[in-house]
Protein chains: 2
Amino acid sequence: MNLQTPFALPDSEADDRAQLIRDRLRDAIVDRRLGPGTKLSEGEVGAIFNVSRTVVRAALQMLSFEGLVRSERNRGAFVANPTIEEARQVFASRRLIEPGLVAAACERVTVSDISAFRNQLEKEAGFLSQRGPSARRSEIKASGDFHLLLAAAAGNAILQRFMEELVARSSLVIALYGRSGVSSCGHSEHMAIVDALERRDVPTGQELIIHHIGHIEADLDLRTTDGLALKDALGI
Amino acid sequence: MNLQTPFALPDSEADDRAQLIRDRLRDAIVDRRLGPGTKLSEGEVGAIFNVSRTVVRAALQMLSFEGLVRSERNRGAFVANPTIEEARQVFASRRLIEPGLVAAACERVTVSDISAFRNQLEKEAGFLSQRGPSARRSEIKASGDFHLLLAAAAGNAILQRFMEELVARSSLVIALYGRSGVSSCGHSEHMAIVDALERRDVPTGQELIIHHIGHIEADLDLRTTDGLALKDALGI
DNA sequence: CGCCATAATATTGCATACGATTTCACCTGT
DNA sequence: ACAGGTGAAATCGTATGCAATATTATGGCG
């Protein structure tokens, strides 16, 4: 467990340590420092963050609601291992919700929203030009953050929370089933979407985001692994 | 607190008492035995269900994630009091998601799904013909269950969970802002939707559900209460 | 040599204990 | 009579302890 937090929580004035631990764990999961299936022992996590199991349990329960962690009774909590079916459902949900976000965002987007988008796009470009696993992770995170920015711009707190969950789960799915690592073509698509938002061009924006989600999903290997694949596994 | 559970949990062999308590509380909230703003004290709830505060806290945390309960640090948990803005967002979310559910459900409904729908419709009719506050509550619940059935028929577990949250929150919103109590016209609309599902008629089904959601929302009083209303309040 | 039964160990589920914070009642002073 | 302050009671946040369950190690047996 490399959470780069060897000592007690330094920050912040904001109480609620469970939330803080949840955020740390979530970050670690979505940028794959904690891989699917990793056990998150209450005692161990508590020791790392210098808190009792009580507050760790609260954090793990939150992550379990978000679908990032699977809790088994009397066995503990593990980083989720989404099945292919779950992966499909994540993307089906995104295909349903994100065009709606684009429509809402087109209506109410402000100049400061747009500049936040541009800022995010520059960050993406920065990570793209770098090399190394750390930049890779940052790139994945930045790519997800773009969609979260879209959700925020839509101005619906409920849908925003749904999207937070979907984006986080997507990153798990990509970790498990991603083929080429990162779909680097995503950046230009994000740019085109921002352009459409700025023009308040709903149909174009929706078409772009649908294609974009399609590209992300197309980069996954979601072939069902039953029947024939079993033989393959035995053959090896 | 009238949760009609004066003694220890009778059922069931199924472990996880926190989940059971969450379900009980949620039922009480969505059928308005617990009104918005009601305090849910950990100790009190624990005494009712004969469990420690630990497990009550877990249940309340779950409800707080679902938006049915608002938790304030060092103050406790209260049945949520959605604002008008939140109410609008709940219905905006439903307008986005439910047509997608109809489309998915049309593709994959089975005959047993249809009969489940018909069964549900009969239940609704039964409550409609009765009088009294208890039948009223059952009617509200049954009306929500119809939409949950739709979500289940769509076959996407993630969207199903989102809908569970949205339906539950809708019932809170109706409790707060409902005008005529119950939109009794809903029943015939539900029937028409089931007919469309059976014919696998996506466009009609989507149009029907959009109108249906519109009718539910139209029965609310979501006029914003700022500016002028302040004067009114002072005038009284 | 491998396999199953059994004991030792670790981990979770839950209750309880205690300090911290809030709430409420009461009281005093103006 | 009322505003504001003070103290008691209630409630929450968190740590810890114990029983129950799962996991791992050990040893006997086929």
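These values consider heavy atoms only, across backbone and side chains, with no hydrogens, waters or symmetry-generated copies.
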Sugar-phosphate atoms are those with a prime plus P, OP1 and OP2; base atoms are the rest. Using that split, label each nucleotide of nucleotides 5-11 of chain D B, S or - for protein heavy atoms under 4.0 Å, 5' to 3'. ------S
Taking only residues two or more places apart in sequence, or in another chain, which ones meet A:Asp221 in a side-chain hydrogen bond (donor to acceptor under 3.5 Å, both in side chains)? A:Arg223
Hits for salt bridge (charged side-chain N to carboxylate O under 4.0 Å, His left out) against A:Glu72, two or more places apart or cross-chain, chain-then-number order -> A:Arg70, A:Arg75
Here the distance between atom P of C:dG13 and atom CG of A:Leu60, to the nearest Å, is 10 Å
Applying salt bridge (charged side-chain N to carboxylate O under 4.0 Å, His left out) to A:Glu85 and not counting sequence neighbours gives A:Arg88
Residue set satisfying ring pair (Phe, Tyr, Trp, His ring centres under 6.0 Å) with B:Phe65, at least two apart, ordered chain then number -> A:Phe65
Whole angstroms only, please: what is the CD1-P distance between B:Ile21 and C:dG13? 15 Å
Under 3.5 Å, which protein N or O atoms sit close to an N or O of nucleotides 16-18 of chain D? Give each pair with its distance.
unit_1, atom_1, unit_2, atom_2, d
D:dT16, O4, A:Thr54, OG1, 3.4

Set of residues satisfying side-chain hydrogen bond (donor to acceptor under 3.5 Å, both in side chains) with respect to B:Arg118, sequence neighbours excluded: B:Asp195, B:Glu198
CZ-CG distance between B:Arg137 and B:Asp27, expressed to the nearest 0.5 angstrom: 11.0 Å
Taking the nucleotide of DNA chain D with the nearest heavy atom to each, does A:Arg73 or A:Val55 sit closer to the 5' end? A:Val55
My understanding is that only residues two or more places apart in sequence, or in another chain, count here; which of them pass ring pair (Phe, Tyr, Trp, His ring centres under 6.0 Å) with A:Phe117? A:Phe146
Can you check whether B:Arg57 has a side-chain N or O nearer than 4.0 Å to OP1 or OP2 of D:dC12? no
B:Lys141: which residues meet the salt bridge (charged side-chain N to carboxylate O under 4.0 Å, His left out) condition with it, sequence neighbours left out? B:Asp145
